[in-house]
Amino acid sequence: MGAGGNMVTKTKSKKQKTTHQKRVPVSKPPFTLSQIKKAIPPHCFNRSLLRSFSYLLYDLALSFLFYHIATSYFHLLPLPLLSYISWPLYWILQGCTLTGVWVIAHECGHHAFSDYQVVDDIVGFTLHSFLLVPYFSWKYSHRRHHSNTASLERDEVFVPKPKSKIPFYSKYFNNPPGRLLSILATLTLGWPLYLAFNVSGREYDRFACHYDPKSPIFSTRESLQIYISDLAIVAVTYVLYRIAMAEGFVWLTCIYGVPLVVVNGFLVLITYLQHTHSSLPHYGSSEWDWLRGALSTVDRDFGVLNKVFHNITDSHVVHHLFSTMPHYHAVEATEAVKPFLGEYYSFDGTPVYKALWREAKECLYVEPDDEDNGGAKKGVFWYKNKF
């Protein structure tokens, strides 16, 4: 295997930056999951309860510090202009920090936080409920996403549509103003719409919703935990209501609401960029298999936010291969598998804002290649944008 991976790169600050990227190979890899695992140092699979809690406590302490500064000092600022600067700064810092908390809760759902499933579920349930995420509901749908990545029939999130199923009005948004509007709507409304109406999720034969215990997303044995997740959301919503009555709706919006919108926006942005790229294939039922699907993801570079987000951004490929691996070993594991995976490993270091605009422009629907484009392979679909 070549060590370069699936990219054309240039060097910048000792990190690989990508300008263009070749397509991920669609032939069956000449290696197995167990062989990939052997390329990773064994300690990377060890979970430490104390170390995991240390990351969580650091995030929570930072979040409380931002809260304390905002509530104790912002009203003392002498000039109104300073408030217009300090509040957006608070929203960004608090939103980024709580995104890190969100990622740790996500790790709990993968049983990557500790060796104790009950601890993982208690921690993840508490954290996600505070962020208005139905923990068990999303845990189960996300698990199915990992089990069916890049399958057009069974994947659970950011499932691209074939051209024949693209709404007729989409072509009117295929321009800079329409693209900007679509991006803003996706980042602000995408997460709640996915939870409530399965927007961008797989097609089911009836209405699918993360809050419905009888939704086709879940099995019958999972329904009790869906009820528990719903009750937690109701309880947190009631607490927020009481806080709004005591402190005011504007206060709650500034302290909690806007940072939560930032969290949701980052969640959608991260997930979208990990699974949306012109080099990534999607597969029909005749071609899909788990390993090729897991490798149909791309690592991204979010700069300093890689650390803030516990490297879910730049170690996503290895996360899909070994989802119970804790985040603090994922970067080391990624470096270990790059030479082994070779062209099957994907990384794109394009600045996030440029990558988002490019993918929104180029990745509108999926179709197989035509015969004039190197020959079509039945069951393999690629992103396209020509209407």
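All values below were derived from every heavy atom in this structure, side-chain atoms included, with hydrogens, water molecules and symmetry-related copies excluded. Only a predicted model underlies this, so the values are computations on that prediction, with no experimental measurement involved.
- In this structure, His142 has its ring center under 6.0 Å from that of His110.
- Tyr67 OH: 12 or fewer foreign heavy atoms inside a 6.0 Å radius.
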Could you list the donor-acceptor pairs under 3.5 angstrom formed by side chains in residues 291-300, with sequence neighbours left out?
| from | atom 1 | to | atom 2 | distance (Å) |
| --- | --- | --- | --- | --- |
| Arg292 | NE | Asp289 | OD2 | 2.7 |
| Arg292 | NH1 | Val26 | O | 2.5 |
| Arg292 | NH1 | Glu287 | OE1 | 3.1 |
| Arg292 | NH2 | Glu287 | O | 2.2 |
| Arg292 | NH2 | Glu287 | OE1 | 3.4 |
| Arg292 | NH2 | Asp289 | OD2 | 3.1 |
| Ser296 | OG | Arg292 | O | 2.8 |
| Thr297 | OG1 | Ala294 | O | 3.3 |
| Asp299 | OD1 | His316 | N | 2.7 |
| Asp299 | OD1 | Val317 | N | 2.8 |
| Asp299 | OD2 | Tyr345 | OH | 2.7 |
| Arg300 | NE | Leu273 | O | 2.8 |
| Arg300 | NH1 | Glu359 | OE2 | 3.3 |
| Arg300 | NH2 | Leu273 | O | 3.1 |
| Arg300 | NH2 | Thr276 | O | 3.0 |
| Arg300 | NH2 | Glu359 | OE2 | 3.0 |

Start with the C-alpha gap between Tyr283 and Phe381, add the side-chain angles, then the distance that decides, and say whether ring pair (Phe, Tyr, Trp, His ring centres under 6.0 Å) holds. CA-CA 6 Å; Tyr283 298 97; Phe381 296 77; 9.0 Å; no
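- Between Phe53 and Phe113, the distance from one ring center to the other falls under 6.0 angstrom.
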Glu222 vs Arg144, salt bridge (Lys or Arg N to Asp or Glu O under 4.0 Å): CA-CA, chis, key distance, verdict: CA-CA 13 Å; Glu222 295 166 347; Arg144 293 184 175 92; 2.9 Å; yes
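- For the residue pair Ser323/His319, the side-chain donor-acceptor check at 3.5 Å is not satisfied.
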Go through the steps to decide whether Lys307 and Asp314 satisfy the test salt bridge (Lys or Arg N to Asp or Glu O under 4.0 Å), and finish with yes or no. CA-CA 9 Å; Lys307 290 294 183 183; Asp314 59 343; over 6 Å; no
Audit row: Leu56, Leu127, side chain to side chain contact (heavy atoms under 4.5 Å, CB included) steps and yes/no: CA-CA 10 Å; Leu56 174 58; Leu127 297 177; 3.7 Å; yes
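- Minimum heavy-atom separation, Thr237 to Ile233: OG1-O, 2.7 Å.
- The ring of Phe130 has its center no closer than 6.0 angstrom to the ring center of Tyr135.
- Judged as a salt bridge (charged side-chain N to carboxylate O under 4.0 Å, His left out), and not counting sequence neighbours, the contacts of Glu203 are Lys165.
- Closest approach of Ala232 and Phe125 over heavy atoms only: CB-CZ, 3.4 Å.
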Output, in order, the C-alpha distance, side-chain angles, deciding distance and verdict of side chain to side chain contact (heavy atoms under 4.5 Å, CB included) for Tyr84 and Leu79. CA-CA 9 Å; Tyr84 292 122; Leu79 299 175; over 6 Å; no
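- The aromatic ring centroids of His320 and His275 lie less than 6.0 Å from each other.
- One finds the OH atom of Tyr344 at 3.0 Å from the OG atom of Ser27 (value rounded to the nearest 0.5 Å).
- Looking only at side-chain heavy atoms (C-beta outward), Trp382 and Glu367 stay at 4.5 Å or farther from each other.
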Assess whether ring pair (Phe, Tyr, Trp, His ring centres under 6.0 Å) is satisfied between Trp251 and Trp87, documenting all intermediate values. CA-CA 11 Å; Trp251 185 93; Trp87 276 111; 8.9 Å; no
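- The shortest distance between side-chain heavy atoms of Glu332 and Pro41 falls below 4.5 Å.
- Of the N and O atoms on the side chains of Asn306 and Thr313, at least one donor lies less than 3.5 Å from an acceptor on the other residue.
- Contact check for Ile217 versus His210: side-chain heavy atoms found under the 4.5 Å cut-off.
- The six-membered or imidazole ring of Tyr383 lies away from that of Tyr365, with a centre-to-centre distance of 6.0 Å or more.
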Let's go through Asp348 and Arg358 carefully: what are the C-alpha distance in whole Å and the side-chain angles of both, what is the deciding distance for salt bridge (Lys or Arg N to Asp or Glu O under 4.0 Å) to 0.1 Å, and is it a yes or a no? CA-CA 12 Å; Asp348 190 334; Arg358 183 190 64 200; 2.7 Å; yes
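- Looking only at atom types and distance, the side chain of His145 has a donor-acceptor partner in the side chain of Asp155 under 3.5 Å away.
- With no hydrogens or angles considered, no side-chain donor-acceptor pair links Ser54 and Tyr328 at under 3.5 Å.
- With sequence neighbours excluded, the residues that form a ring-ring contact (aromatic ring centres under 6.0 Å, His included) with His327 are Tyr55, His310.
- The local environment of CZ in Phe207 is crowded, with over 12 non-hydrogen atoms from other residues, nucleotides or ligands closer than 6.0 Å.
- Contact annotation: the side chain of Leu180 approaches that of Trp357 to within less than 4.5 Å [non-hydrogen atoms, C-beta and beyond].
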Applying side chain to side chain contact (heavy atoms under 4.5 Å, CB included), run through Phe45 and Lys37 and close with a yes or a no. CA-CA 9 Å; Phe45 297 94; Lys37 186 174 183 179; 3.5 Å; yes
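- No more than 12 heavy atoms of other residues, nucleotides or ligands sit less than 6.0 Å from atom NZ of Lys171.
- Annotation for Lys139 and Gln117: closest pair NZ-NE2, 3.5 Å, computed over non-hydrogen atoms.
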